[in-house]
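Have a look at the structure below, then the notes.
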Amino acid sequence: MAATLGSDAGTADTDTTDMGPANPGSKVSPSDPTREHTRVLGRLTSSASGSAKTRRDTPPRAVRLRFPGDQVVAVEPGRHIRLGREPRLCPAVAFLAAHDNLSRLHATVTVEADGSASITDEGSMNGTFLHGYRLPPHEPATLHPGDAIRLAANVTVRVLP
């Protein structure tokens, strides 16, 4: 019926009604309710470290940007990429050199170590647009998968999921 812990934390005195005989000098009996709770908690703790992962457990992924012509550029966590028409300033997107309405250094996409991404207009002449709104220069705007970024009038960049 009831179990009471003895003076020694490793021993238990049990009532013989439905938990078995009392063994004052032995470890906690298998039918001791205290032991049962410990066993259940032990199972919960060990199963939590299994395949069930949370967002916090998964490492951040690179942000992938799709440019006109289906060119995809990945920006790894903790890195940034400059967008513009000058290949020396923006080597990862040298293919943008053909777009003369872009500034030499038009915008910067930054991916933080935690995987969050943002875009910052670098004071471009023809603007950087997110969701159809022109971004103020030098103020980062948060990016999410599926977002469409427009550089100047005709360069649309998609943030891939």
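These figures come from a predicted structure and were not determined experimentally.
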Margin query: Testing the basics here: between Arg134 and Met125, what is the closest heavy-atom pair and its distance to 0.1 Å?
Written below: NH2-O, 3.3 Å

Atom pairs and distances, donor-acceptor, side-chain atoms in residues 144-161, under 3.5 Å, two or more places apart:
from, atom 1, to, atom 2, distance (Å)
Asp147, OD1, His131, NE2, 3.4
Asp147, OD2, His144, N, 2.8
Arg150, NE, Ala152, O, 2.9
Asn154, OD1, Asn101, ND2, 2.9

Check: When you measure from the side chain of His106 to the backbone N and O of Ser103, does any donor-acceptor pair fall under 3.5 Å?
Finding: yes

Next item on the list: Using modelled atom types only, decide if a donor and an acceptor are shared between the side chain of Asp121 and the backbone of Thr128 within a distance under 3.5 Å.
Entry: yes

Check: Considering residues at least two apart in sequence or located in another chain, which fulfil the ring pair (Phe, Tyr, Trp, His ring centres under 6.0 Å) criterion with Phe67?
Finding: Phe95

Notebook entry, point to check: Does any non-hydrogen side-chain atom of Arg85 lie less than 4.5 Å from one of Arg104?
Noted result: yes

Next item on the list: Flag the pair Ser118 / Leu143 as yes when at least one side-chain heavy-atom distance between them is below 4.5 Å, and no otherwise.
Entry: no

Check: For the residue pair Ala94 and Pro87, what are the closest heavy atoms and their distance?
Finding: CB-CB, 4.1 Å

Next item on the list: Sort and list the pairs that fulfil side-chain hydrogen bond (donor to acceptor under 3.5 Å, both in side chains) and have at least one residue in residues 66-84, not counting sequence neighbours.
Entry: none

Notebook entry, point to check: What heavy-atom pair brings Ala141 and Leu135 nearest, and what distance separates the two atoms?
Noted result: CB-CD2, 3.7 Å

Next item on the list: Go through the side-chain N and O atoms of Asp114 and Ser116 and say whether any donor and acceptor fall under 3.5 Å apart.
Entry: yes

Note to self: Please give me the minimum heavy-atom distance between Gly84 and Cys90, naming the atom from each residue.
What the structure shows: N-SG, 3.4 Å

Item checked: Any Leu83 side-chain heavy atom under 4.5 Å of Thr108 side chain -> no

